[in-house]
Amino acid sequence: MLTTRFVDGAPCWIDVAAPDPEGAASFYRALFGWSYRSAGPEGGGYGFLERAGRIVAGCAPLTGDRGPAAWTVYFRSSDADATAEAVRRARGSVPAPPVTVGEQGRSAVLADQMGASFGVWQPGKREGLESAGEAGSLCWAELYTPDIARAAAFYHTVLGWETSAVSFPGGVYTSVSPQGTGEEGAFGGMVPLADDPVEAAENRPHWLPYIGAEDPDAVAARAAELGGRVRMPPTSIPGVGRLARLEDPYGARFAVLRGDPRET
(Lines give C-alpha, C1' and ligand atoms only; values in the text may rest on other atoms or scores of the structure.)
Protein backbone atom coordinates (compact mmCIF):
# COMPACT_ATOMS: atom_id res chain seq x y z
CA MET A 1 0.00 0.00 0.00
CA LEU A 2 1.36 3.40 -0.96
CA THR A 3 2.00 5.71 1.98
CA THR A 4 4.50 8.42 2.85
CA ARG A 5 6.20 6.04 5.30
CA PHE A 6 8.79 5.22 2.67
CA VAL A 7 11.00 2.14 2.75
CA ASP A 8 13.77 1.14 0.35
CA GLY A 9 12.31 -0.04 -2.95
CA ALA A 10 8.98 1.76 -2.58
CA PRO A 11 7.80 4.60 -4.84
CA CYS A 12 8.70 7.88 -3.14
CA TRP A 13 8.52 10.48 -5.92
CA ILE A 14 7.04 11.16 -9.35
CA ASP A 15 7.66 13.97 -11.78
CA VAL A 16 6.57 15.01 -15.23
CA ALA A 17 8.97 16.43 -17.80
CA ALA A 18 7.35 18.72 -20.38
CA PRO A 19 8.56 21.15 -23.05
CA ASP A 20 6.34 23.78 -21.44
CA PRO A 21 6.33 23.32 -17.65
CA GLU A 22 3.97 26.26 -17.14
CA GLY A 23 1.52 24.76 -19.62
CA ALA A 24 1.80 21.36 -17.96
CA ALA A 25 1.24 22.90 -14.52
CA SER A 26 -1.84 24.67 -15.88
CA PHE A 27 -3.22 21.39 -17.27
CA TYR A 28 -2.79 19.51 -14.00
CA ARG A 29 -4.13 22.45 -11.98
CA ALA A 30 -7.35 22.33 -14.00
CA LEU A 31 -7.47 18.54 -13.86
CA PHE A 32 -6.59 17.77 -10.23
CA GLY A 33 -6.53 21.15 -8.53
CA TRP A 34 -2.76 21.00 -8.12
CA SER A 35 -0.92 24.27 -7.55
CA TYR A 36 2.61 24.96 -8.76
CA ARG A 37 5.55 26.20 -6.69
CA SER A 38 8.98 26.88 -8.15
CA ALA A 39 11.99 25.18 -6.56
CA GLY A 40 13.74 28.55 -6.73
CA PRO A 41 16.55 30.10 -8.75
CA GLU A 42 18.86 27.15 -8.07
CA GLY A 43 16.25 24.59 -9.16
CA GLY A 44 17.02 24.79 -12.88
CA GLY A 45 13.36 25.35 -13.75
CA TYR A 46 12.15 22.49 -11.55
CA GLY A 47 8.98 22.99 -9.53
CA PHE A 48 6.58 21.23 -7.20
CA LEU A 49 2.95 20.33 -7.82
CA GLU A 50 0.97 20.55 -4.60
CA ARG A 51 -2.46 19.61 -3.32
CA ALA A 52 -3.75 21.23 -0.15
CA GLY A 53 -0.24 22.48 0.55
CA ARG A 54 1.42 19.06 0.24
CA ILE A 55 3.76 18.01 -2.58
CA VAL A 56 2.23 15.34 -4.83
CA ALA A 57 4.67 15.50 -7.77
CA GLY A 58 7.48 17.40 -9.42
CA CYS A 59 7.46 19.24 -12.75
CA ALA A 60 10.58 19.62 -14.86
CA PRO A 61 11.50 21.34 -18.12
CA LEU A 62 12.14 18.79 -20.85
CA THR A 63 15.82 18.51 -21.60
CA GLY A 64 17.69 16.57 -24.26
CA ASP A 65 18.72 13.76 -21.92
CA ARG A 66 15.13 12.98 -20.84
CA GLY A 67 13.65 12.15 -24.25
CA PRO A 68 9.95 12.83 -24.96
CA ALA A 69 7.50 14.25 -22.42
CA ALA A 70 6.90 11.62 -19.77
CA TRP A 71 6.12 10.84 -16.17
CA THR A 72 8.91 9.19 -14.17
CA VAL A 73 8.37 7.06 -11.08
CA TYR A 74 11.20 7.17 -8.51
CA PHE A 75 11.91 4.45 -5.95
CA ARG A 76 13.65 4.96 -2.64
CA SER A 77 17.25 3.83 -2.33
CA SER A 78 19.60 4.19 0.61
CA ASP A 79 22.49 4.39 -1.88
CA ALA A 80 21.71 5.74 -5.36
CA ASP A 81 25.25 5.09 -6.61
CA ALA A 82 25.14 1.44 -5.54
CA THR A 83 21.72 1.03 -7.17
CA ALA A 84 23.00 2.54 -10.42
CA GLU A 85 25.94 0.16 -10.38
CA ALA A 86 23.58 -2.77 -9.69
CA VAL A 87 21.56 -1.70 -12.74
CA ARG A 88 24.69 -1.73 -14.90
CA ARG A 89 25.64 -5.19 -13.63
CA ALA A 90 22.11 -6.43 -14.34
CA ARG A 91 22.46 -5.21 -17.95
CA GLY A 92 20.20 -2.21 -17.57
CA SER A 93 21.36 1.33 -18.38
CA VAL A 94 21.95 4.63 -16.60
CA PRO A 95 20.62 7.51 -18.76
CA ALA A 96 21.18 10.06 -15.97
CA PRO A 97 23.85 9.06 -13.41
CA PRO A 98 23.38 9.92 -9.73
CA VAL A 99 23.59 13.62 -8.88
CA THR A 100 23.30 15.46 -5.60
CA VAL A 101 20.29 17.77 -5.30
CA GLY A 102 21.54 20.26 -2.73
CA GLU A 103 20.82 18.99 0.75
CA GLN A 104 17.57 17.36 -0.38
CA GLY A 105 19.03 14.03 -1.56
CA ARG A 106 20.61 12.21 -4.45
CA SER A 107 18.80 11.28 -7.66
CA ALA A 108 19.33 9.15 -10.78
CA VAL A 109 17.31 8.06 -13.81
CA LEU A 110 17.86 4.45 -14.80
CA ALA A 111 16.38 1.94 -17.24
CA ASP A 112 15.74 -1.79 -17.01
CA GLN A 113 16.89 -4.43 -19.50
CA MET A 114 13.86 -3.84 -21.74
CA GLY A 115 14.29 -0.07 -21.78
CA ALA A 116 11.65 1.07 -19.27
CA SER A 117 12.90 4.20 -17.49
CA PHE A 118 12.57 4.76 -13.76
CA GLY A 119 14.24 6.87 -11.12
CA VAL A 120 15.81 6.34 -7.72
CA TRP A 121 15.91 8.81 -4.87
CA GLN A 122 18.35 8.67 -1.97
CA PRO A 123 16.81 10.93 0.66
CA GLY A 124 18.68 13.68 2.40
CA LYS A 125 16.50 16.33 4.00
CA ARG A 126 13.62 15.36 1.71
CA GLU A 127 12.18 11.89 2.21
CA GLY A 128 9.84 12.08 -0.77
CA LEU A 129 6.28 13.06 -1.64
CA GLU A 130 4.19 14.63 1.09
CA SER A 131 0.97 12.95 -0.04
CA ALA A 132 0.41 9.45 -1.45
CA GLY A 133 -2.24 6.77 -1.51
CA GLU A 134 -5.24 9.12 -1.59
CA ALA A 135 -7.33 11.08 -4.05
CA GLY A 136 -5.24 13.58 -5.99
CA SER A 137 -1.94 11.82 -5.35
CA LEU A 138 0.05 8.79 -6.46
CA CYS A 139 -1.77 5.60 -5.50
CA TRP A 140 -0.34 2.83 -7.73
CA ALA A 141 2.31 2.19 -10.39
CA GLU A 142 2.43 -0.34 -13.21
CA LEU A 143 5.22 -1.60 -15.42
CA TYR A 144 4.26 -2.61 -18.96
CA THR A 145 6.94 -5.01 -20.12
CA PRO A 146 7.41 -7.71 -22.78
CA ASP A 147 8.84 -10.18 -20.25
CA ILE A 148 7.40 -10.40 -16.72
CA ALA A 149 9.85 -13.04 -15.47
CA ARG A 150 12.86 -11.13 -16.75
CA ALA A 151 11.60 -7.85 -15.30
CA ALA A 152 10.85 -9.47 -11.93
CA ALA A 153 14.38 -10.87 -11.75
CA PHE A 154 15.90 -7.52 -12.71
CA TYR A 155 14.03 -5.47 -10.10
CA HIS A 156 14.59 -8.11 -7.43
CA THR A 157 18.32 -7.79 -8.08
CA VAL A 158 18.51 -3.98 -8.14
CA LEU A 159 15.74 -2.97 -5.70
CA GLY A 160 14.97 -6.13 -3.74
CA TRP A 161 11.37 -6.42 -4.89
CA GLU A 162 9.18 -9.42 -4.28
CA THR A 163 6.39 -10.45 -6.66
CA SER A 164 3.20 -12.39 -6.09
CA ALA A 165 0.40 -13.65 -8.31
CA VAL A 166 -3.01 -12.16 -7.50
CA SER A 167 -6.09 -13.75 -9.06
CA PHE A 168 -8.97 -11.56 -10.16
CA PRO A 169 -11.95 -12.11 -12.48
CA GLY A 170 -10.45 -12.53 -15.92
CA GLY A 171 -6.89 -13.42 -15.09
CA VAL A 172 -3.86 -13.21 -12.82
CA TYR A 173 -2.02 -10.02 -11.91
CA THR A 174 1.63 -9.80 -10.87
CA SER A 175 1.88 -7.47 -7.89
CA VAL A 176 5.15 -6.08 -6.55
CA SER A 177 6.25 -5.00 -3.09
CA PRO A 178 9.48 -4.02 -1.30
CA GLN A 179 11.41 -6.89 0.24
CA GLY A 180 9.99 -8.10 3.52
CA THR A 181 6.74 -6.12 3.37
CA GLY A 182 4.51 -8.87 1.95
CA GLU A 183 1.15 -8.20 0.32
CA GLU A 184 0.51 -5.26 2.65
CA GLY A 185 3.45 -3.49 1.06
CA ALA A 186 2.23 -3.93 -2.53
CA PHE A 187 2.49 -0.65 -4.42
CA GLY A 188 2.06 -1.72 -8.04
CA GLY A 189 2.25 -4.46 -10.59
CA MET A 190 3.67 -5.76 -13.83
CA VAL A 191 1.58 -6.27 -16.96
CA PRO A 192 2.60 -8.18 -20.11
CA LEU A 193 2.88 -5.57 -22.82
CA ALA A 194 1.54 -7.90 -25.52
CA ASP A 195 -1.61 -8.63 -23.49
CA ASP A 196 -2.70 -5.00 -23.30
CA PRO A 197 -3.70 -3.53 -26.67
CA VAL A 198 -3.76 0.02 -25.31
CA GLU A 199 -0.17 -0.05 -24.05
CA ALA A 200 1.15 -2.42 -26.73
CA ALA A 201 0.12 -0.09 -29.57
CA GLU A 202 3.45 1.74 -29.41
CA ASN A 203 5.37 -1.31 -28.15
CA ARG A 204 7.37 0.72 -25.65
CA PRO A 205 8.07 -0.72 -22.18
CA HIS A 206 7.31 1.91 -19.56
CA TRP A 207 6.14 2.72 -16.06
CA LEU A 208 2.66 4.22 -15.66
CA PRO A 209 1.76 6.19 -12.50
CA TYR A 210 -1.82 6.10 -11.22
CA ILE A 211 -3.35 9.12 -9.52
CA GLY A 212 -6.23 8.57 -7.12
CA ALA A 213 -9.52 10.04 -8.36
CA GLU A 214 -12.96 10.11 -6.78
CA ASP A 215 -14.59 10.34 -10.23
CA PRO A 216 -12.43 8.87 -13.03
CA ASP A 217 -15.17 9.57 -15.59
CA ALA A 218 -15.18 13.28 -14.83
CA VAL A 219 -11.37 13.43 -14.84
CA ALA A 220 -11.18 11.68 -18.23
CA ALA A 221 -13.76 14.02 -19.74
CA ARG A 222 -11.96 17.05 -18.33
CA ALA A 223 -8.58 15.85 -19.63
CA ALA A 224 -9.99 15.70 -23.16
CA GLU A 225 -11.47 19.19 -22.80
CA LEU A 226 -8.06 20.50 -21.73
CA GLY A 227 -6.28 19.15 -24.79
CA GLY A 228 -5.19 15.79 -23.39
CA ARG A 229 -6.11 12.37 -24.75
CA VAL A 230 -8.12 9.48 -23.32
CA ARG A 231 -6.04 6.42 -24.14
CA MET A 232 -8.41 4.01 -22.37
CA PRO A 233 -11.90 5.22 -21.41
CA PRO A 234 -13.12 4.79 -17.83
CA THR A 235 -13.49 1.09 -17.15
CA SER A 236 -14.61 -0.86 -14.11
CA ILE A 237 -12.62 -3.96 -13.16
CA PRO A 238 -14.19 -6.25 -10.53
CA GLY A 239 -12.09 -6.38 -7.39
CA VAL A 240 -9.96 -3.45 -8.52
CA GLY A 241 -12.04 -0.33 -9.08
CA ARG A 242 -12.67 2.11 -11.89
CA LEU A 243 -9.78 3.46 -13.91
CA ALA A 244 -8.90 5.38 -17.06
CA ARG A 245 -5.60 5.86 -18.87
CA LEU A 246 -4.84 9.34 -20.09
CA GLU A 247 -2.20 11.48 -21.77
CA ASP A 248 -1.50 15.16 -21.17
CA PRO A 249 -1.27 17.66 -24.06
CA TYR A 250 2.49 17.01 -24.37
CA GLY A 251 2.23 13.21 -24.57
CA ALA A 252 3.06 12.22 -20.98
CA ARG A 253 1.05 9.14 -19.97
CA PHE A 254 -0.67 8.61 -16.64
CA ALA A 255 -3.78 6.92 -15.26
CA VAL A 256 -6.46 7.64 -12.69
CA LEU A 257 -8.03 5.15 -10.31
CA ARG A 258 -10.85 4.96 -7.81
CA GLY A 259 -10.54 1.92 -5.61
CA ASP A 260 -7.90 -0.22 -3.97
CA PRO A 261 -5.83 -2.24 -6.50
CA ARG A 262 -5.06 -4.82 -3.77
CA GLU A 263 -8.70 -5.84 -3.32
CA THR A 264 -9.71 -9.31 -4.45
What residues form a side-chain hydrogen bond (donor to acceptor under 3.5 Å, both in side chains) with Arg245, not counting sequence neighbours?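 Applying side-chain hydrogen bond (donor to acceptor under 3.5 Å, both in side chains) to Arg245 gives Tyr144, Asp196, Glu199.
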For Met190 and Val176: C-alpha separation, side-chain torsions, deciding distance, then whether side-chain contact (heavy atoms from CB on, under 4.5 Å) applies. CA-CA 7 Å; Met190 298 182 181; Val176 293; 3.7 Å; yes
With [X], which residues qualify under ring-ring contact (aromatic ring centres under 6.0 Å, His included), at least two apart?
X: Phe75; answer: Trp161, Phe187, Trp207
X: Phe32; answer: Trp34
X: Phe118; answer: Tyr155

Test: salt bridge (charged side-chain N to carboxylate O under 4.0 Å, His left out). Region: residues 152-168. Which pairs qualify, not counting sequence neighbours?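 Counting only pairs at least two positions apart or across chains, no salt bridge (charged side-chain N to carboxylate O under 4.0 Å, His left out) contact touches residues 152-168.
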Is Asp248 paired with Arg229 through a side-chain N to carboxylate O contact shorter than 4.0 Å?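 Between Asp248 and Arg229 there is no salt bridge, as every charged N stays at least 4.0 Å from the carboxylate O atoms.
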For [X], what residues pass the salt bridge (Lys or Arg N to Asp or Glu O under 4.0 Å) criterion, not counting sequence neighbours?
X: Glu42; value: none
X: Arg54; value: Glu134
X: Arg150; value: none
X: Glu22; value: none

Listed once per pair and sorted, the ring-ring contact (aromatic ring centres under 6.0 Å, His included) pairs that draw on residues 92-115, sequence neighbours left out: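 Applying ring-ring contact (aromatic ring centres under 6.0 Å, His included) to every pair that reaches into residues 92-115, excluding sequence neighbours, yields nothing.
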With a 3.5 Å cut-off and sequence neighbours excluded, list the donor-acceptor pairs that the side chains of residues 210-220 form with protein atoms.
from, atom 1, to, atom 2, distance (Å)
Tyr210, OH, Glu142, OE1, 2.7
Asp215, OD1, Asp217, N, 3.3
Asp215, OD1, Ala218, N, 3.1
Asp217, OD1, Arg242, NE, 2.6
Asp217, OD2, Arg242, NH2, 2.9

Could you pull out all residues at least two apart from Pro233 that satisfy side chain to side chain contact (heavy atoms under 4.5 Å, CB included)?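 Expected list: Val230.
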Checking side-chain contact (heavy atoms from CB on, under 4.5 Å) for the pair Trp121/Arg126: CA distance, chi angles, key distance, verdict? CA-CA 10 Å; Trp121 176 253; Arg126 183 173 300 285; 4.3 Å; yes
